[in-house]
2 protein chains.
Amino acid sequence: MPYTISEAAARMHLSAPTLRYYDKEGLLPFVDRSASGVRVFKESDFEWLRLIECLKATGMPIRDIKQFIDWCLEGDATLPQRRDMFRERRRAVLAQMERLQATLDIIDYKCWYYETAAKAGSDLPLQSFKPEDLPEDVRKIRERILARCGC
Amino acid sequence: MPYTISEAAARMHLSAPTLRYYDKEGLLPFVDRSASGVRVFKESDFEWLRLIECLKATGMPIRDIKQFIDWCLEGDATLPQRRDMFRERRRAVLAQMERLQATLDIIDYKCWYYETAAKAGSDLPLQSFKPEDLPEDVRKIRERILARCGC
DNA sequence: GCAAGGCTTGAAGTGAACTTTAAGCCCGCA
DNA sequence: TGCGGGCTTAAAGTTCACTTCAAGCCTTGC
């Protein structure tokens, strides 16, 4: 049940110094210490670590994650702040997903472009390609790309 | 048709120093200069800038984007490398999308959790919640979360 | 003709998130 | 009893992607 910092780090695919850094930044106030000052990670600490990992994945800076942890320690009075924070995180993630979809369309188009060009040994023929000559699926991608940038 | 560096930056929602930085890093070898050494951006340069923006959005570091630009300058011989690069970028974007979907599930769950807790003024009742008591949609999210971490 | 404003460069500074180093403590084992 | 290994800390170093600064060059308007 109890884990040393190295074991906890391995389980979270992090380094021990990273966990120490998070602790120093105030992200891990819930981690217990042994009599001699050694960090002892318990099962429930991994819930917190997974949540921190999740918030980091939304692009949240350490400073703001600390704010959230602090709110958790303050108790029920900060429930509205925490609710608002997650609503805001939700918006941020949805925005990132849209951005990533737009990026994927361009990458997909380029994949087709370079697959075709590499097969032909040159991309000159592609320069004079007309939209009508594109394969159906590539044309669709191209249309989405053009629709987005408003050209 | 021609743009100064500040105009080009404004159009790309970047700063002029950022464009100079990109140029210094070798990302903009295609940008022309006036007789007195002033950068002059033409329409086709924005295609390049949009592509650089796209590659950055995939999480690609500047160094690797420069590699791609260099390949472009080298001509047809590097078409396979460029094709492979975009295939690899595609994999990276799909992985990011999956990661973001997993993150969104956790955030959605937390949104429900804190909306419920904030309404109740406390999150204690939620601690003893049974999965059966969850609303249908929240239960679905919860199941996806659990399925992912393999618990 | 000259001052203002925008361009140029190289170099130094910034902030975020670690990572590495150095010095020291504690525990288990031969 | 002493040695090795893993823990502790504070502090310094690293990387990335800019950003800011300083000094100077063009061009344009009064």
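Just so we're on the same page: letters track the sequence lines, and every chain starts at 1.
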With a 4.0 Å cut-off on heavy atoms, is [X] in touch with a base, just the backbone sugar-phosphate, or nothing at all?
{"X": "Ser6(B)", "result": "sugar-phosphate"}
{"X": "Ser34(B)", "result": "nothing"}
{"X": "Arg20(B)", "result": "base"}

Counting heavy atoms from C-beta on, name the nucleotide in dT20(D), dC7(C), dC16(D) closest to the side chain of Arg63(B). dC16(D)

If I take atom [atom1] in residue [X] and atom [atom2] in nucleotide [N], what distance separates them, rounded to the nearest angstrom?
{"X": "Met60(B)", "N": "dA17(D)", "atom1": "CE", "atom2": "P", "value": "11 Å"}
{"X": "Leu19(A)", "N": "dA17(C)", "atom1": "CG", "atom2": "C1'", "value": "14 Å"}
{"X": "Arg33(A)", "N": "dC26(C)", "atom1": "CZ", "atom2": "P", "value": "14 Å"}
{"X": "Ile62(B)", "N": "dC16(D)", "atom1": "CD1", "atom2": "C1'", "value": "9 Å"}
{"X": "Glu25(B)", "N": "dT15(D)", "atom1": "CD", "atom2": "P", "value": "14 Å"}
{"X": "Tyr22(A)", "N": "dT9(D)", "atom1": "OH", "atom2": "P", "value": "17 Å"}
{"X": "Phe41(A)", "N": "dT8(D)", "atom1": "CZ", "atom2": "C1'", "value": "13 Å"}
{"X": "Arg39(B)", "N": "dC25(D)", "atom1": "CZ", "atom2": "C1'", "value": "14 Å"}

Does dC7(D) have OP1 or OP2 under 4.0 Å away from a side-chain N or O of Thr4(A)? yes

In the hydrophobic cluster built from side-chain contacts under 4.5 Å, what are the other members alongside Leu73(A)? none

Would you verify whether the NZ or CZ of Lys24(A) falls within 45 degrees of the ring axis of Tyr21(A) while also being under 6.0 Å from that six-membered ring's centre? no

How close do Ala8(A) and Tyr3(A) get, heavy atom to heavy atom, and via which atoms? N-CB, 4.1 Å

Check Leu79(A) against Ala117(B) and note the closest heavy-atom contact, atom names and distance. CD1-O, 3.6 Å

